[in-house]
Engineer: 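Below is the structure I would like to discuss, written out as structure tokens.
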Amino acid sequence: WPMSAATRWAAFAAEDMAMAEAAQGLGLWNQVCLHAQQAAGKLLKAFLSERHRPIPMARHLAELLALCAEADQELSRFEDRCYTLDKYLIPLTYPDAVPTGQTDSLPTEKDAREALDIVKELREALRIH
């Protein structure tokens with residue numbers, strides 16, 4: 001049987017989680033945070049897909065979360081955490097977006113741990129595995 005769209009989103013989210021965890025083991029904090037952000041986006045899209053809602057091309061988690069919260073208001077509690085993950089999207093996708101000499105704005109080990117914790121909590125709240 002072909003996979004449902006929701007199942008495909010969830011499977012790709014699981015791959016991003018695996019990459020984030022592998023990167024954590026290698027001490028690649030940028031990659032942990034980037035893959036955590038990507039996993040969260042795919043989890044939110046899986047949630048929307050399960051509910052037969054349109055999937056926007058949005059890359060920002062806060063925008064996706066707002067759509068998910070229409071179906072489950074409890075999810076709105078993740079708004080700040082989605083902003084936390086979203087702050088990694090542009091600088092880690094486009095390294096030249098980080099001004100020279102501001103490498104202190106790049107993720108630390110603590111940031112990477114927090115990013116993984118956020119996406120794991122989100123996955124539990126969305127009930128997607």
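FYI, side chains are in, hydrogens and waters are out, and symmetry mates aren't considered; it's all heavy atoms of this structure.
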Engineer: Side chains of Trp9 and Ile55, heavy atoms from C-beta outward: is any pair under 4.5 Å?
Structural biologist: yes
Engineer: Evaluate the criterion salt bridge (charged side-chain N to carboxylate O under 4.0 Å, His left out) for residue pair Lys120 and Glu21; output intermediate values, then yes/no.
Structural biologist: CA-CA 11 Å; Lys120 288 173 183 176; Glu21 289 168 342; 3.5 Å; yes
Engineer: I want to check something: taking the side chain as every heavy atom from C-beta on, are Glu50 and Ile128 in contact at a cut-off of under 4.5 Å?
Structural biologist: yes
Engineer: In the hydrophobic clustering (ILVMFWY, side-chain contacts below 4.5 Å, transitive), which residues join Leu28, or is it alone?
Structural biologist: Leu26
Engineer: How far apart are the closest heavy atoms of Ala125 and Arg127, and which atoms are they?
Structural biologist: O-NH1, 3.0 Å
Engineer: Should Trp29 and Lys110 count as side-chain neighbours, where that means a heavy-atom distance under 4.5 Å?
Structural biologist: no
Engineer: Thr7: what forms a side-chain hydrogen bond (donor to acceptor under 3.5 Å, both in side chains) with it, not counting sequence neighbours?
Structural biologist: Ser4
Engineer: Output a table of donor-acceptor pairs, distance under 3.5 Å, between side-chain atoms of residues 74-84 and any protein atom two or more places apart or on a different chain; print 'none' if there are none.
Structural biologist:
from  : atom 1 : to     : atom 2 : distance (Å)
Ser76 : OG     : Gln73  : O      : 2.8
Ser76 : OG     : Gln73  : NE2    : 3.2
Arg81 : NH1    : Glu121 : OE1    : 2.5
Arg81 : NH2    : Arg77  : O      : 3.2
Thr84 : OG1    : Asp80  : O      : 3.1

Engineer: Is there a path of hydrophobic side-chain contacts, each under 4.5 Å between heavy atoms of I, L, V, M, F, W or Y residues, that connects Phe12 with Met19?
Structural biologist: no
Engineer: Could you tell me whether the side chain of Cys33 reaches within less than 4.5 Å of the side chain of Leu92, counting heavy atoms only?
Structural biologist: yes
Engineer: With Glu63, which residues qualify under salt bridge (charged side-chain N to carboxylate O under 4.0 Å, His left out), at least two apart?
Structural biologist: none
Engineer: Which donor-acceptor pairs under 3.5 Å do side chains of residues 36-49 form with protein atoms, sequence neighbours excluded?
Structural biologist:
from  : atom 1 : to    : atom 2 : distance (Å)
Gln37 : NE2    : Arg59 : O      : 3.2
Gln37 : NE2    : Asp86 : OD1    : 3.0
Lys42 : NZ     : Asp16 : OD2    : 2.5
Lys45 : NZ     : Ala58 : O      : 3.2
Ser49 : OG     : Ala6  : N      : 3.2

Engineer: Does Leu85 reach the side chain of Leu122, with side-chain heavy atoms less than 4.5 Å apart?
Structural biologist: no
Engineer: Output the distance between atom CG (Leu67) and atom CZ (Arg53), rounded to the nearest 0.5 Å.
Structural biologist: 8.5 Å
Engineer: Please enumerate all residues that pass salt bridge (charged side-chain N to carboxylate O under 4.0 Å, His left out) together with Arg113, with sequence neighbours excluded.
Structural biologist: Glu109
Engineer: Does the distance from a Lys or Arg side-chain N to an Asp or Glu carboxylate O, for Arg51 and Glu70, drop under 4.0 Å?
Structural biologist: no
